[in-house]
Amino acid sequence: MKKIFALLVFVLGMSFSASAQEVNSQESNEVNAKTLALKIKDYLQLDSAKAKAVYEIINHKHTAFQNEPNLIDERKQLLINQFTKKLEGTLSPDEFRKLKSNKSLFSEFQKKS
């Protein structure tokens, strides 16, 4: 009986630990998305509606990569291209051109995370 109880406690402990790691990873993605969206907002001087749309795109990208950790490189590149097109559709042509000219900021957006 003691062994069964010990096993039950062990299994419950492991499940709580796994849940905590998943929540931390999700929070980390949200923080990274907010940080990058804020950088883009400040650089392009976006209004709040466009900034929110940019944040949603970045957060969706991070979530997609988190949900599929074993993607092959070709699939990752397709996803990045898809999110880049969404970003291009959200921003005006001048804003997108300006963002693309900032190599460090644009490569941070296109990072395969």
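Separation of atoms CG (N59) and NZ (K52) is listed at 11.0 Å; rounding is to 0.5 Å. From E88, atom CD reaches atom CG of N81 across 11.0 Å, with rounding to the nearest 0.5 Å. Once rounded to the nearest 0.5 Å, the distance linking CD1 of I58 with CG of L38 reads 10.0 Å.
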* To do: Starting from the C-alpha separation in whole Å, work towards a yes-or-no answer on side chain to side chain contact (heavy atoms under 4.5 Å, CB included) for F106 and T84.
  => CA-CA 10 Å; F106 193 66; T84 302; 3.9 Å; yes
* Go through the steps for N32 and H62 under the test side chain to side chain contact (heavy atoms under 4.5 Å, CB included), then give the verdict. => CA-CA 9 Å; N32 290 342; H62 285 298; 4.2 Å; yes
* To do: I would like to know whether L46 and L91 meet side chain to side chain contact (heavy atoms under 4.5 Å, CB included); could you show each step before the answer?
  => CA-CA 9 Å; L46 300 175; L91 301 174; 3.9 Å; yes
* **Test side chain to side chain contact (heavy atoms under 4.5 Å, CB included) applied to L36 and V54, step by step** => CA-CA 9 Å; L36 181 56; V54 168; over 6 Å; no
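A salt bridge between K39 and E108 is present, with a side-chain N of the basic residue lying under 4.0 Å from a carboxylate O of the acidic one. Checked for salt-bridge contact, D47 and K50 miss the test: no charged N lies under 4.0 Å from a carboxylate O. Ionic pairing of E68 and K76 is not present here: no N-O contact between side-chain nitrogen and carboxylate oxygen is shorter than 4.0 angstrom.
When hydrophobic clusters are built by joining Ile, Leu, Val, Met, Phe, Trp and Tyr residues whose side-chain heavy atoms come closer than 4.5 Å, directly or via intermediates, I57 is grouped together with Y43. F83 and Y55 sit in two unconnected hydrophobic clusters of ILVMFWY residues. Membership requires side-chain heavy atoms under 4.5 Å apart, directly or through other members. One hydrophobic cluster, built from ILVMFWY side chains closer than 4.5 Å, holds both L44 and F109.
Judged purely by atom type and a 3.5 angstrom limit, K61 uses its side chain to pair as donor or acceptor with the backbone of K111.
The closest side-chain donor-acceptor pair between Q77 and D73, if any, does not fall under 3.5 angstrom.
Partners of K98 under the salt bridge (Lys or Arg N to Asp or Glu O under 4.0 Å) rule, at least two apart in sequence or in another chain, do not exist in this structure.
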